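Report on one structure; see the data block that follows.
Residue numbers run from 1 in the order of the sequence given. Keep in mind that this is a model prediction, so the values were computed, not measured. Computed from heavy atoms alone, side chains included, the values below leave out hydrogens, waters and symmetry copies.
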Amino acid sequence: MERDGDSGEPGEPGGPGEEAGSRRPLATGPRQMALLDFDTRSAEDTRQAGYALVTLWHGERLLLVRVRGRDCWELPGGRLEPGETARQAAARELREETGEFVAEAKLRFLGYATTSLGPERRVLLGALFGAEVAEAPGRFTANDEISEVRWWDGLEALPRLQTVDTHLASLTRREWPR
């Protein structure tokens, strides 16, 4: 679940030429992550995302993953592979990290998140997708990347919760606790 890669074109909001400190964050979280912007106006595939995230819901519960090495609860997702679209990456990362399968066509594009990460405040651009599962979630088997998953109710206190990710989830789900 690496969130690396080129964040966009120079001069674009979130592009490599923009300073992360030039605007006030919408949310901040562990790993010195900050949400700088959430663009719901741009159409899918009109901006060059470096990573994709998924908000997967079962009723009022949001799927979160605990990433090994970071020991942080986050949305499933990660870096785009060469030649892969953000939608393809979202479906692949969800399946690889959690074992949950959602067809690409069932993923709803929600917007682009511009974030900064780490002490160097590297600016990244990610595509956010959402989906819902009606059936009971499948069994999770821990893997090299993810130690556990949780269907989170938005109220339970979790250690090292990536609040940037949960803020994105709350922006796209009106009835969910904030």
- Task: List the steps and the verdict of side chain to side chain contact (heavy atoms under 4.5 Å, CB included) for Glu100 and His58.
- Result: CA-CA 11 Å; Glu100 294 289 332; His58 177 62; over 6 Å; no

- Message: I'd like to know whether Trp73 forms a side chain to side chain contact (heavy atoms under 4.5 Å, CB included) with Thr166, so could you lay out the CA-CA distance, the side-chain angles of the two residues, the decisive distance to 0.1 Å, and finally the verdict.
- Response: CA-CA 10 Å; Trp73 288 98; Thr166 58; over 6 Å; no

- If you measure from CZ on Arg92 to OG1 on Thr85, what distance do you get to the nearest 0.5 Å? 10.0 Å

- Item | Criterion side chain to side chain contact (heavy atoms under 4.5 Å, CB included) against Leu128, the qualifying member of Thr40, Asp39, Leu75 | Leu75

- Message: I'd like to know if the side chain of Thr163 and the backbone of Thr28 have a donor-acceptor N/O pair within less than 3.5 Å.
- Response: yes

- Message: Under 4.5 Å between side-chain heavy atoms, counting indirect links through other Ile/Leu/Val/Met/Phe/Trp/Tyr residues: same cluster for Trp151 and Phe101 or not?
- Response: no

- Is a salt bridge present between Arg173 and Glu132, judged by a nitrogen-to-oxygen distance below 4.0 Å? yes

- Are the side chain of Arg160 and the backbone N or O of Pro30 linked by a donor-acceptor pair below 3.5 Å? no

Please output the side-chain donor-acceptor pairs of residues 134-143 that fall under 3.5 Å, not counting sequence neighbours, one pair per line with the distance.
residue, atom, partner, partner atom, Å
Asn143, OD1, Glu145, N, 2.9
Asn143, OD1, Ile146, N, 2.7
Asn143, ND2, Glu96, O, 3.3

- Query: Which value, rounded to the nearest 0.5 Å, describes the distance between Asp45 atom CG and Arg87 atom CZ?
  - Reply: 8.0 Å

- Message: Treating Thr98 as the side-chain partner and Arg95 as the backbone partner, does any N or O pair qualify as donor plus acceptor under 3.5 Å?
- Response: no

- Of all residues at least two apart in sequence or in a different chain, which pass the side chain to side chain donor-acceptor pair (under 3.5 Å) check with Asp71? Arg66

- Item | Trace of the side chain to side chain contact (heavy atoms under 4.5 Å, CB included) decision for Val149 with Leu63 | CA-CA 7 Å; Val149 300; Leu63 182 63; 4.0 Å; yes

- Say you draw a straight line from CG of Asp165 to CG of Leu64; how long is it, rounded to the nearest 0.5 Å? 8.0 Å

- Distance in Å, Gln32 CD paired with Arg122 CZ, rounded so as to fall on 0.5 Å steps: 12.0 Å

- Quick one: pull up CD in Gln162 and CZ in Arg70 and give me the separation to the nearest 0.5 Å. 8.5 Å

- Message: Would you compute the distance between atom CE of Met33 and atom CD of Glu74 and round it to the nearest 0.5 angstrom?
- Response: 7.0 Å

- Message: For a side chain to side chain contact (heavy atoms under 4.5 Å, CB included) check, start with the C-alpha distance between Arg47 and Thr114, then their side-chain angles and the critical distance, and finish with the verdict.
- Response: CA-CA 11 Å; Arg47 299 181 70 187; Thr114 303; 4.2 Å; yes

- Hits for ring-ring contact (aromatic ring centres under 6.0 Å, His included) against Phe109, two or more places apart or cross-chain, chain-then-number order -> Tyr112, Phe129

